[in-house]
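Shown next, in structure tokens, is the structure this report addresses.
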Amino acid sequence: MKTIPIQNNELLEFDRDLIAKLPASGPRYTSYPTADRFHEGFREAEYTHALRLRSMGALNKPLSLYIHIPFCNTICYYCGCNKIITKDKTRADAYIEYLKREMELLAPHLNGRHQLAQLHFGGGTPTFLSDDQLERVFEMIRKHFQLTSNGEYSIEIDPRKVSRETVHKLGELGFNRMSVGIQDFDSKVQEAVNRIQSFEETREVIAAAREAGFKSVSVDLIYGLPHQSVESMKATIDTVLSLGPDRLALYHYAHLPHIFKPQRRIDTNAVPDSEEKLDMLQYCVHTLTDRGYVFIGMDHFAKPDDELSTALKEGWLQRNFQGYSTYADCDLLAVGVSGIGKIGSTYTQNERDIKAYYAAIDEGRLPIMRGYQLNQDDLLRRNIIQDLMCRFSLDFQIYESVFGIPFRQYFADELADLQHLAKLGLLRLKLHGLTVTPKGRFLIRNIAMVFDYHLRHKETTAKYSQTV
């Protein structure tokens with residue numbers, strides 16, 4: 001067990017034995033309730049009602065926009081995202097036309113042209129689009145929304161398909177943040193997951209982002225892939241850190257070939273076991289913090305001067321469908337196949353099948369497949385889980401004041417369960433609140449799950465990832 005300095009003068013503690021004792025899967029809480037609780041009784045009418053309430057000024061929050069680009073040139077065997085594998089760029093031309101039509105269907109419900117606090121292109125591979133196709137998408141964005149000088153505008157990048165010129169084009173369009181997919185630099189691992197990516201092309205993309213004035217570059221890594229070991233991860237981490245990313249996400253690979261068909265091409269015998277995965281995680285955590293990165297939460301790290309680190313230190317860190325965020329709670333419009341959005345006290349998800357998505361728009365209706373209307377208890381618990389995930393503490397009196405509840409009575413069962421976690425050293429319970437301990441921060445999902453009413457009382461067919 002090793003202790004690591006963190007910003008609040010406590011020591012971040014990676015308690016390997018405790019983590020091993022609590023093997024569990026659970027939600028990542030990019031939303032509460034989680035997406036597996038959405039239902040088909042919530043469709044276009046419910047969505048437009050939520051938009052109408054927003055346009056009337058009800059709890060009017062800053063606005064974010066998510067655009068899903070589902071296309072990929074090749075398939076990465078580990079991937080569980082909603083994607084379409086093709087090399088035919090003309091398929092994107094048709095898709096862009098439907099994005100345009102979806103935005104036009106949304107426009108009457110937005111009551112004017114709004115400023116965007118955040119914009120995110122996800123996928124799939126957003127840079128599957130050519131420069132001209134990206135230009136077309138931005139033309140429709142600027143028609144309906146305004147980009148500002150202090151907005152957060154990000155895009156997910158596959159360095160294998162992006163030139164220096166395209167990165168500069170992205171900067172000219174308005175992007176100021178990027179997330180670069182790496183996963184692993186070891187050639188044997190890359191071959192096993194069908195993602196051959198050189199250090200040189202990755203370095204060129206990140207260097208181009210610096211030249212183009214991007215404010216933040218994040219990189220994604222995965223531990224637990226086939227043929228990975230502590231030794232191979234040492235080399236990958238050293239190589240990644242030589243690129244100087246502002247943020248780094250270290251995701252756990254969940255091998256679920258019975259759910260994700262591409263994973264059936266991975267040799268199960270080559271996937272590291274739980275002990276090996278913990279070895280890798282422990283090494284990565286110690287190395288990143290030794291090199292000066294701040295542990296933000298769950299699997300995210302950032303440089304001390306990054307906005308995420310500042311948000312954590314000052315208590316205004318947020319969490320949304322894209323992960324940790326520096327912005328105050330935003331409403332989120334999601335455009336494109338499978339996109340998930342949040343307006344007020346509702347969640348929505350677009351059709352996941354592209355044919356169904358196209359058919360809805362051809363019929364002149366917004367392509368809502370399912371959604372969810374939060375009740376008062378959901379809103380209460382959503383706030384609690386947000387505080388746990390982002391501030392690692394709860395003040396019971398605030399919830400009593402805002403929601404008008406006797407906290408200890410309302411959450412009697414939950415507090416009884418928390419006593420066990422407190423005995424394990426994950427948190428400190430006080431009369432009017434709780435504080436997550438340094439060792440508990442690695443298991444914050446386990447703590448948040450205690451307050452998940454749906455997880456406690458309702459069954460689900462969802463398969464969650466491991467909490468660590």
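Each residue takes its place number in the sequence, starting with 1.
In this structure, the side chain of T166 does not engage the main chain of V162 through any donor-acceptor pair within 3.5 Å. Of the possible polar contacts, none joining the N383 side chain to the L380 backbone as a donor-acceptor pair under 3.5 Å is found. A donor-acceptor pair under 3.5 Å is absent between the side-chain atoms of N350 and the main chain of Y357, judged by distance alone. Of the possible polar contacts, one joining the D246 side chain to the V217 backbone as a donor-acceptor pair under 3.5 Å is found. Using a distance-only test at 3.5 Å, with no hydrogens or angles considered, no donor-acceptor pair links the side chain of S401 to the main chain of Q397. K342 contributes a side-chain N or O that, together with a main-chain N or O of C330, makes up a donor-acceptor pair within less than 3.5 Å. Of the possible polar contacts, none joining the Q263 side chain to the F260 backbone as a donor-acceptor pair under 3.5 Å is found. Using a distance-only test at 3.5 Å, with no hydrogens or angles considered, a donor-acceptor pair links the side chain of T287 to the main chain of Y283. Checking side-chain atoms of T125 against main-chain N and O of T127 turns up no donor-acceptor pair under 3.5 Å. With E44 contributing its side chain and L366 its backbone, the two residues share a donor-acceptor pair below 3.5 Å.
Contact detail for T202 and P159: the closest heavy-atom pair is CA-CB, 3.9 Å. The shortest heavy-atom contact between I96 and V137 is CG1-CG2, 3.9 Å. Between S55 and N111, the shortest heavy-atom distance links the atoms O-ND2, 3.3 Å. Nearest heavy atom pair, residue R54 against residue D331, reads NH1-OD2, 2.7 Å. Heavy-atom minimum distance, Q197 versus I182: NE2-CA, 3.8 Å. Closest of all the heavy-atom pairs between S31 and P33 is OG-O, 2.9 Å.
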Practice task
Please assess V294 against F301 for the test side chain to side chain contact (heavy atoms under 4.5 Å, CB included), listing each intermediate value before the final yes or no.
Solution key: CA-CA 5 Å; V294 174; F301 299 80; over 6 Å; no

Exercise for the section: Carefully, step by step, assess L116 and Q146 under the rule side chain to side chain contact (heavy atoms under 4.5 Å, CB included). Expected result: CA-CA 6 Å; L116 286 180; Q146 301 175 51; over 6 Å; no

Practice task
Run the numbers on L434 and L388 for side chain to side chain contact (heavy atoms under 4.5 Å, CB included), then give the verdict.
Solution key: CA-CA 9 Å; L434 69 82; L388 286 171; 3.9 Å; yes

Problem - Evaluation steps, ring-ring contact (aromatic ring centres under 6.0 Å, His included), between F403 and Y410 - result: CA-CA 11 Å; F403 288 90; Y410 194 97; 9.1 Å; no

Exercise for the section: Show the numbers, then the answer: is there a ring-ring contact (aromatic ring centres under 6.0 Å, His included) between H255 and Y253? Expected result: CA-CA 6 Å; H255 189 57; Y253 170 63; 5.6 Å; yes

Problem - Audit row: I447, L443, side chain to side chain contact (heavy atoms under 4.5 Å, CB included) steps and yes/no - result: CA-CA 7 Å; I447 299 171; L443 293 156; 5.6 Å; no

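By the 4.5 Å heavy-atom criterion applied to side chains, F145 and L119 are not counted as neighbours. Contact of the H144 side chain with the H114 side chain is not registered, since no non-hydrogen atoms from C-beta on lie closer than 4.5 Å. A heavy-atom distance below 4.5 Å is not found between the side chains of Y324 and T30. Taking 4.5 Å as the limit, every side-chain heavy atom of E156 sits out of range of all side-chain heavy atoms of I69. Contact check for L65 versus V335: side-chain heavy atoms found under the 4.5 Å cut-off. Between L429 and L418, some side-chain heavy-atom pair lies under the 4.5 Å cut-off. Residues L312 and T310 form no side-chain contact, since every pair of their non-hydrogen atoms from C-beta on lies 4.5 Å or further apart. Proximity of P27 to R445: side-chain heavy atoms (C-beta onward) are nowhere separated by under 4.5 Å.
With rounding to the nearest 0.5 angstrom, the CD1 atom of I222 is 9.0 Å from the OH atom of Y251. Rounding to the nearest 0.5 Å gives a distance of 8.5 Å between CG of L333 and OG of S64. Interatomic distance, CZ of F121 versus OH of Y153, reported as 12.0 Å (0.5 Å rounding). The distance from atom CD1 of I354 to atom CG of N82, rounded to the nearest 0.5 Å, is 8.5 Å. Annotation: the span from I343 atom CD1 to L51 atom CG amounts to 5.5 Å, rounded to 0.5 Å. Atom CD1 of I444 is separated from atom CG of L426 by 8.5 Å, given to the nearest 0.5 angstrom.
In this structure, R291 is not positioned above the aromatic face of Y293 in the sense of NZ or CZ being under 6.0 Å from the six-membered ring centre and within 45° of the axis.
For the 3.5 Å distance criterion, the side chains of Y32 and Q386 fail to qualify, holding no donor opposite an acceptor. Checked by atom type, the side-chain pair Y223/D184 shows no donor-acceptor distance below 3.5 Å. Using modelled atom types and a 3.5 Å distance limit, the side chains of T326 and Q318 yield no donor-acceptor pair. Side-chain contact annotation: D378 with H454, donor-acceptor N/O pair under 3.5 Å present.
Between F175 and F214, the gap from one ring centroid to the other reaches at least 6.0 Å. The six-membered or imidazole ring of Y347 lies near that of F321, with a centre-to-centre distance under 6.0 Å.
No more than 12 heavy atoms of other residues, nucleotides or ligands shown are found within 6.0 angstrom of CD on E40. More than 12 non-hydrogen atoms from other residues, nucleotides or ligands lie less than 6.0 angstrom from NE2 of H168.
Using cut-offs of 30° and 60° for the angle between ring planes, the F407 and Y399 rings count as tilted.
With S154 as the partner, the side chain to side chain donor-acceptor pair (under 3.5 Å) test is satisfied by one option alone out of H120, Q118, R177: H120. Each of E351, H39, Q349 was compared with R370 under the side chain to side chain donor-acceptor pair (under 3.5 Å) criterion, and only Q349 meets it.
Among residues at least two apart or in separate chains, salt bridge (charged side-chain N to carboxylate O under 4.0 Å, His left out) pairs with a member in residues 390-412 are D387-R391. For residues 294-303, every residue pair satisfying the salt bridge (charged side-chain N to carboxylate O under 4.0 Å, His left out) rule, not counting sequence neighbours, is listed here: R28-D299.
Using a 4.0 Å cut-off between charged nitrogen and carboxylate oxygen, K169 and E135 count as a salt-bridge pair. We find that K215 and E152 are not joined by a salt bridge, their nearest charged nitrogen and carboxylate oxygen being 4.0 Å or further apart. We find that R381 and D377 are joined by a salt bridge, their nearest charged nitrogen and carboxylate oxygen being less than 4.0 Å apart. A salt bridge links D158 with R195: the closest approach of a Lys/Arg side-chain nitrogen to an acidic carboxylate oxygen falls below 4.0 angstrom.
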